[in-house]
2 protein chains.
Amino acid sequence: MTSRKVVSFENIKVACKNCSLSTLCLPMGLSPDDVERLDSIIKRGRPYHRGDHLYRGGDKFHSLRVITSGSVKTYSPNEDGGEQVLGFHLPGELIGLDAILDDNHNCAAIALETTAVCEIPFTQLESLSSIMPSLQHQMYRLLSREIGQDTEMLTLLGKKSAEERLASFLLSFSERFKQRGFSASDFFLSMSRHEIGNYLGLAVETVSRLFTRFQDESLLHVERKHVQLQDIPRLYEIVQGSDSAKSSQSRG
Amino acid sequence: MTSRKVVSFENIKVACKNCSLSTLCLPMGLSPDDVERLDSIIKRGRPYHRGDHLYRGGDKFHSLRVITSGSVKTYSPNEDGGEQVLGFHLPGELIGLDAILDDNHNCAAIALETTAVCEIPFTQLESLSSIMPSLQHQMYRLLSREIGQDTEMLTLLGKKSAEERLASFLLSFSERFKQRGFSASDFFLSMSRHEIGNYLGLAVETVSRLFTRFQDESLLHVERKHVQLQDIPRLYEIVQGSDSAKSSQSRG
DNA sequence: AAAATGACTTGATCCTGATCAAGAATTTCT
DNA sequence: AGAAATTCTTGATCAGGATCAAGTCATTTT
């Protein structure tokens with residue numbers, strides 16, 4: 001056996017340069033050399049199972065994390081025992097950015113299904129970004145993007161009706177699945193109705209009723225976690241908040 | 001006149017090292033030398049008047065801005081002509097972070113009163129942060145803080161009642177004025193009731209009624225924009241969402 | 001397979017806060 | 001100063017979505 005050219009399957013899989021997510025992820029836009037250097041500080045652990053915490057509120061912050069497979073819910077435990085769901089994260093997405101401020105996780109992250117992640121020790125990432133302007137720039141961009149996404153969410157929670165919120169939620173998943181090479185119109189949601197409601201500032205019952213209504217209106221077909229979007233353009237109209245979508249076909 | 005030691009008032013005023021805000025602002029935690037270097041890239045223009053835009057949605061992004069006096073509202077124009085108020089910014093606060101992503105302002109910023117700002121050209125800031133690890137770290141922290149603040153706001157809009165929202169709003173100003181050396185209990189709000197309502201996801205009328213009610217309950221005294229908080233501890237109880245505050249003295 | 005558990009749906013009712021409407025106070029304009 | 005335009009307040013009514021309650025379906029346990 002010639003050892004030089006033989007690489008095990010595992011070795012191929014775990015490098016950024018071989019990762020199908022690299023165009024969505026931290027290495028986005030970096031040169032191959034830079035990707036290699038970034039890769040050298042990344043740790044890949046065993047996968048998490050459904051319900052496992054990646055980190056909890058109060059945990060010491062050491063690493064940012066990128067989901068590589070599966071999905072994750074982040075949430076902020078609030079004083080009175082409840083929680084606010086902050087986001088649902090798919091492969092390629094970076095979590096933990098809010099913990100940089102004081103080296104402490106103020107939020108928690110939990111696996112919604114079997115989930116693998118890359119861990120990026122932040123101190124090392126910071127050092128690396130000092131000597132790699134493109135990485136520094138990428139970090140600024142990712143942090144900025146997170147802020148932009150949060151402000152979109154503020155608009156959603158501050159101004160949108162229940163149906164606009166759910167339509168927006170579904171289209172967000174549609175777009176993100178599409179980006180990742182999956183169907184934009186046929187997918188499984190890994191979170192419960194309760195979690196969707198919490199995230200969108202709605203009661204479970206409202207979410208359930210809306211799914212039923214959207215199905216009655218032929219916007220989608222839904223069966224438990226399996227969603228098939230049947231009229232994406234009209235979902236976009238609903239998100240716009242214009243009542244054009246309503247008036248053209250109101251109720252059922 | 002000996003020219004060496006004579007410095008004009010203006011020269012003193014415009015340097016970070018002489019600025020009373022430096023402990024709240026970008027220079028926070030930097031060494032005097034580093035502050036000096038940061039200072040060298042900062043531009044200080046003429047003040048804005050009430051209603052002037054610092055930037056508009058769609059403007060090309062070139063600088064982050066720090067408010068040095070006055071106050072600023074940031075908002076995101078939404079499709080149907082309306083707007084979502086994203087924040088009210090006081091001296092020492094940094095705005096424009098959301099524009100790093102694509103070198104474009106997606107939001108707008110407008111002066112609520114006569115307002116002075118420092119402009120920090122982002123390209124130069126980025127170069128500087130490459131060679132000044134402490135500045136880079138500070139930037140990461142500020143971006144992370146912004147994310148944390150946004151997620152707090154998500155909880156507010158997703159879960160809190162109208163009275164919890166207004167109490168939270170007032171205490172936020174109370175804390176920020178206090179940090180800046182002003183009274184925590186006696187201040188002027190520079191924004192209109194309409195803008196408060198928009199920010200908090202409430203109708204103007206609701207905001208107005210809540211002010212009246214809070215006054216009836218001796219939580220505060222309000223006259224137009226002038227607010228005097230009379231029972232800060234109870235306002236904190238209200239924010240907690242526990243109905244302890246309600247039950248102890250309901251309505252008036 | 002039966003029972004238990006938890007997730008989801010559906011229906012009935014209630015309540016918070018929106019909307020509509022009008023008047024009062026303040027600021028701006030001429 | 002007087003008129004006009006805003007902003008703010010207050011009252012009356014309405015509605016979207018929460019809450020309460022019960023039942024259905026799916027999954028897990030024994």
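All chains are named by letter (A, B, ...) in the order of the sequence lines, taking the proteins before the strands, and each is independently numbered beginning at 1.
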Pairing of B:Lys225 and B:Glu113 as salt bridge, 4.0 angstrom limit
no
Could you state the CG-C1' distance from B:Leu202 to C:dT19, rounded to the nearest angstrom?
14 Å
Atom-to-atom span, CZ of B:Phe214 to P of D:dT9 - whole angstrom:
14 Å
Gap between atoms CD and P, on B:Glu223 and C:dT27 respectively (whole Å):
10 Å
With sugar-phosphate meaning primed atoms plus P, OP1 and OP2, does A:Ala162 contact a base, only sugar-phosphate, or nothing at under 4.0 Å between heavy atoms?
sugar-phosphate
Can you tell me if the side-chain N/O atoms of B:Arg224 get under 4.0 Å from OP1 or OP2 in C:dT26?
no
Give the rounded distance in Å between these two atoms: CZ of A:Arg50 and P of C:dA7.
8 Å
Between A:Asp98 and A:His105, is there a side-chain donor-acceptor contact under 3.5 Å, judged purely by atom types and distance?
no
Quick one: B:Arg213 CZ to C:dG17 P, roughly how many Å, whole number?
9 Å
Are B:Ser71 and B:Ser190 linked by a side-chain donor-acceptor pair shorter than 3.5 Å?
yes
Under 3.5 Å, is there an N or O donor on one side and an acceptor on the other linking the side chain of B:Glu205 and the base of C:dC20?
yes
For a quick test of reading the model: is some side-chain N or O of A:Lys225 closer than 4.0 Å to OP1 or OP2 of C:dC8?
yes
Is it the case that the base of C:dG11 and the side chain of A:Arg209 share a donor-acceptor contact (distance under 3.5 Å, atom types as modelled)?
yes
Does B:Thr212 or A:Val204 map to a spot on DNA chain D nearer the 5' end, using the closest nucleotide for each?
B:Thr212
What contact category does A:Ser208 fall into here, base, sugar-phosphate, or nothing, at under 4.0 angstrom with non-hydrogen atoms?
base
Check whether any side-chain nitrogen or oxygen of A:Thr206 sits under 4.0 Å from OP1 or OP2 of D:dG17, and answer yes or no.
no
Indicate yes or no for a side-chain donor-acceptor contact from A:Arg165 to the backbone of A:Leu200 under 3.5 Å, with no hydrogens or angles considered.
yes
First locate atom CG of B:Leu97, then atom OG1 of B:Thr74, and finally report the distance between them rounded to the nearest 0.5 Å.
10.5 Å
Find the distance B:Leu166:CG to C:dT16:P and express it as a whole number of Å.
17 Å
Select base, sugar-phosphate, or nothing to describe what B:Gly197 touches, counting heavy atoms under 4.0 Å on all strands.
nothing
When rounded to whole Å, the CD to C1' distance for the pair A:Glu195 and C:dG6 reads 13 Å
Rounded interatomic separation in angstrom, taking NZ from B:Lys159 and P from D:dA18
10 Å
